[in-house]
Each structure stands twice: as structure tokens, then as C-alpha cells.
Amino acid sequence: MATYKLLLLPGDGIGPEVMSEVEKVLARLSAMGVAKFEIERGLVGGSAYDAHGQSISESDMKLALAADAVLFGAVGGPKWDGVPYDVRPEAGLLRLRKDLQLFANLRPAICYPALAEASSLKREIVEGLDIMIVRELTGGVYFGEPKQIIDLGNGQKRGIDTQVYDTYEIERIGRVAFELARKRRNKVTSSEKRNVMKSGVLWNEVITALHKRDYADVELEHQLADSLAMQLVRWPKQFDVIVTDNLFGDMLSDIAAMLTGSLGMLPSASLGEVDKVTDKRRALYEPVHGSAPDIAGKGMANPIAMIGSLAMCLRYSFGLGETADRIETAIADVLAAGLRTADIKGDAKDVISTAAMGDAILARLG
Ligand code: IPM
Ligand code: MN
């Protein structure tokens, strides 16, 4: 039986609660003989700041670099609103993405038929939705320099962020999108703002050239990011794979998440380049939702996005696609059986707790 090294970083807010459910699933998978997991645990975000004044410690960074995959919960909360910018909870996540070079963020948005009512959009618009947002994750305005606030000396300050993309960054994320599309419905929509941004002009050129050179069999279209946001709520089923930059991807994936009924439903994978020698890639898996401090500790959080993130880990990092399918089927079954956490309540009479939802999924795993 293969052994995989996993680092669990539950983080803040509801992170630890949803991660507990993942730990149950991991224990079950080991007991079923699917694989062995060597599990390490670390701190990230506000909890890391409280323990050692940093949003992630050097020793936990080392564990992350050595792991076959990292499972990440969520970070942040009002408790840390006043901490210095460099050590704010989000900085831990951004450092993990940057230092592990996780440039490709896969954010699937699937609307389970049983949940179509929980979406704020009409059933016919979202039912059966299955799109994949491929967000560039280590470049653009998130990391571009200069990034600072300067004092202009006349009572004014200037805040600067830099949106910057090099050809290779656009090309490698484009490849990820085209490769994924080939295994899906063979369509890629690339999105930028070339009408106002030079980085958007380059993005468009590079994706177009890559398509012509290596992926002419895939259907490619370009949509401006604002228009794409509108189309996402107008008729989302027109999309298959959407590829876009770091900031647009951040916003568009929140919209896509809501189409599925709840942010609590969406898993994500952040992947690095495949190492030519070992054939492995660094990877981190996290729910798209945040730390939800308002419901933290109450057992109300929906663990589906976190458990779904584990399924993505099994599929993309460990080659255990069949087990991933089983977990996803168990999730669909639980929803079809009418079990609901508070966030996806809809018209349901009763809601169940985080742990009860985890148990219900486990019970369907066999
Ligand atoms: C996300 C989050 C992060 C981001 C924050 C927590 C830094 O919103 O993963 O979408 O902006 O990338
Ligand atoms: Mn976000």
C-alpha cells in the first residue's frame, strides 16, 4: 500500500472544524486499505500568529515543502484585524502559494441537482452546472512589485499595486486549462481586460498563440472579465473551462461558487509544475470559503468543500481517482437524501451539524 505524506493546516475560524471531518475520512480510507497517510499538523494564519508571531512558521514551511500534499482549512478573523500587515493571517496562505510555486488554481463549480434551490439563481440556470475556473495563482497584482504606500509629503499618500505577467506565466497556466478542457467538454474561455490593460493584451496574445500552436483541437474564446462576470450569472452553462489571472480569478470564482448554492460547497486545488525527474508536483488543497468567524466553533459549518478538497488531492496528487469519485458520489448521495447544513438549508426543515454531515458522508463511503 502506498504511503503519502500529508500536512494538515486547519488555520482559523471554521478551519479546524471542517478539517476534523477530513481526518475522519482519512482514517476511514486507511482502514479500507486505500492508502497509508503519514499525517503532520501545523499552524497557519491567526493561530500561527498567536503561537509564534508569524502567519506561518519556518518549521511548518519546511513540512509543507516536504509533504506530498498540503490540506489547508481557512485563515483570518476579526481577532487579527490589528496585526501588522506582513504577518496578517492571509500572508501565510500567500507565502505557501508563492514558495511552493503553486501557479495553477483549479476551482470547479458543480451544482448538484439536489441543491439547485439553494442557489440565489433560478433552477434552470444552475441545475447541472459543471465548470472549472483555472486561476493563475502566483503572479499578477497579488505579487507584482512595487507594492507599497508612499508618502507624497503634501498630506497625500499613494497606494501602488503592480499588475505584471510574463509570457511563461501565461503560457503555463494556459496549458493547464487546455489540457483540462480536453478531458472535459473541450472548450476554454480566456478572460482579461485587454481593452484597458497591457497585461491583458499580452495575456490574450499568448493564449491565442499557444492555442494555435498546440491546442487547435480545443475550442477557444476570449471574454473581457467584466462581461464574463455578467455571463456567469446570465447563462453559466455556456462555460466549460475558464482561464484567467489571479485577481479576476479570485472574484469570478466567488461568483461561480454562489451559483452552486453555497460557498461551503467548493473545493480547490493549487498545483505546481510537474517535476520531470520525480513526476510529482507540489500541491495544496483548500476550500474556496473563508474562515467564517461568525459561525466558528458552533458546529454549523459545511464540511463538504473541505472533504471535496481531499477528493481533489486523491485525484490530482495521489492518482486515486476512483476513491475521489467515491467521495464525490457520497457527497452527492448525502445531498440527494436531503441532508443539509445551515448554509444550504433552502426549504429543508432540519439542518444538521458539521460532524453529522461528515458522518453521513462517511456512512456512504462503505
Ligand atoms: C481566496 C482568498 C484569498 C485570495 C485570500 C484569503 C488571500 O480570497 O483563496 O480566494 O484572495 O486569494
Ligand atoms: Mn477569494
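All ligand and atom numbering here is 1-based and tracks the order in the structure.
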A.B. asks: Would you call D81-R88 a salt bridge at under 4.0 Å N-O?
C.D. replies: no
A.B. asks: Would you call L71 and L310 a side-chain contact if the rule is heavy atoms closer than 4.5 Å?
C.D. replies: yes
A.B. asks: What about E90: any of its N or O atoms under 3.5 Å from an N or O on ligand 1?
C.D. replies: no
A.B. asks: I'd like the name of whichever of D250, V288, L93 reaches closest to atom 8 (O) of ligand 1 through any heavy atom.
C.D. replies: D250
A.B. asks: In the protein, which heavy atom is nearest to atom 11 (O) of ligand 1, and how far is it?
C.D. replies: Y142 OH, 2.6 Å
A.B. asks: D250: which N/O/S atom is nearest the Mn ion (ligand 2)?
C.D. replies: OD1
A.B. asks: Answer yes or no for K193 and F248: cation-pi contact, defined as NZ/CZ to six-membered ring centre under 6.0 Å and angle to ring axis within 45°.
C.D. replies: no
A.B. asks: Under a 4.0 angstrom heavy-atom cut-off, which atoms of ligand 1 come close to R107?
C.D. replies: 1 (C), 9 (O), 10 (O)
A.B. asks: When you compare ligand 1 with E286, is there at least one nitrogen or oxygen pair between them that comes in under 3.5 angstrom?
C.D. replies: no
A.B. asks: Do R28 and F37 meet the cation-pi criteria used here (NZ or CZ under 6.0 Å from the six-membered ring centre, within 45° of the axis)?
C.D. replies: no
A.B. asks: Are L9 and L43 linked, directly or through other ILVMFWY residues, by side chains that come within less than 4.5 angstrom of each other?
C.D. replies: no
A.B. asks: With heavy atoms under 4.0 Å as the rule, classify the contact between R97 and ligand 1 as side chain, backbone, both or neither.
C.D. replies: side chain
A.B. asks: Can you find a non-hydrogen atom of R135 under 4.0 Å from ligand 1?
C.D. replies: yes
A.B. asks: Looking at K280, is its backbone amide N or carbonyl O close enough to the side chain of T278 to form a donor-acceptor pair, meaning the two atoms are under 3.5 Å apart?
C.D. replies: yes
A.B. asks: For ligand 1, is R88 a contact, meaning one of its heavy atoms is under 4.0 Å away?
C.D. replies: no
A.B. asks: Is there a donor-acceptor pair under 3.5 Å between the side chain of K147 and the backbone N or O of V141?
C.D. replies: yes
